[in-house]
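Everything on this sheet refers to the single structure shown next.
Residues: numbered from 1 along the sequence shown. Atoms considered below: every heavy atom in the structure, side chains included; atoms not considered: hydrogens, waters and symmetry mates. These figures come from a predicted structure and were not determined experimentally.
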Amino acid sequence: MSVSAAPSVSEAFSRRHDLTVVDVRTPGEFASGHLPNAVNVPLDRIARALPDLRQAAEHRPLLVVCASGARAEIAVATLASHGVDGRTRPT
């Protein structure tokens with residue numbers, strides 16, 4: 001399965017109501033500020049959250065975010081290896 005290219009910031013913002021935003025930063029980073037309606041699934045908990053993320057992806061595309069994009073890319077690769085599509089974007 002291939003993972004879609006990341007949308008631009010303006011495209012992601014305009015589609016934010018059509019996406020499930022998954023923030024893979026730590027709970028402390030998330031608490032310091034995050035995108036509206038984002039869910040916090042720290043990178044080290046992605047594997048445990050696979051069933052919920054798979055279900056969410058069936059309803060709306062996932063947009064996976066972090067501070068720089070590095071953790072989001074790892075999360076998307078993990079999701080893709082389990083058949084879940086996600087898109088990355090730094091916050």
Side-chain angles (χ1 to χ4, degrees):
M1 174 208 162
S2 64
V3 176
S4 303
S8 67
V9 172
S10 61
E11 179 188 0
F13 183 78
S14 68
R15 294 188 54 216
R16 69 190 179 281
H17 301 294
D18 300 325
L19 303 169
T20 297
V21 179
V22 180
D23 190 321
V24 296
R25 297 175 302 150
T26 65
E29 290 173 299
F30 185 81
S32 71
H34 55 272
L35 296 171
N37 301 317
V39 293
N40 185 218
V41 182
L43 181 59
D44 64 348
R45 297 181 191 158
I46 286 290
R48 287 181 275 175
L50 279 169
D52 292 333
L53 293 171
R54 180 176 286 113
Q55 185 176 23
E58 290 173 3
H59 299 286
R60 300 191 318 191
L62 301 181
L63 177 64
V64 183
V65 300
C66 71
S68 70
R71 288 176 283 185
E73 287 182 19
I74 294 168
V76 167
T78 300
L79 292 169
S81 72
H82 289 89
V84 180
D85 189 18
R87 299 171 184 231
T88 64
R89 174 64 45 206
T91 55

Work out which heavy atom in [X] is nearest to a heavy atom in [Y]; give both atom names and the distance.
X     : Y     : result
His17 : Arg60 : O-NH1, 3.2 Å
Asp23 : His34 : OD2-CB, 3.9 Å
Ala72 : Val64 : CB-O, 3.5 Å
Val39 : Phe30 : C-CE1, 4.2 Å
Pro27 : Arg45 : CG-NH1, 4.1 Å

Is there a donor-acceptor pair under 3.5 Å between the side chain of Arg54 and the backbone N or O of Gly83?
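No; zero donor-acceptor contacts below 3.5 Å.
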Report the C-alpha separation of Ile46 and Val24 in whole Å, then their side-chain angles, then the decisive distance to 0.1 Å, and conclude whether the side-chain contact (heavy atoms from CB on, under 4.5 Å) test is met.
CA-CA 8 Å; Ile46 286 290; Val24 296; 3.9 Å; yes
Looking at Leu19, Val76, Thr20, which hits side chain to side chain contact (heavy atoms under 4.5 Å, CB included) with Leu62?
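Of the listed options, the one satisfying the test is Thr20.
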For Asp44, does the CG atom have more than 12 heavy-atom neighbours from other residues, nucleotides or ligands under 6.0 Å away?
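Atom CG in Asp44 is crowded, with more than 12 foreign heavy atoms closer than 6.0 Å.
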Quick one: pull up CG in Leu43 and OG1 in Thr26 and give me the separation to the nearest 0.5 Å.
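Here the interatomic distance stands at 11.0 Å.
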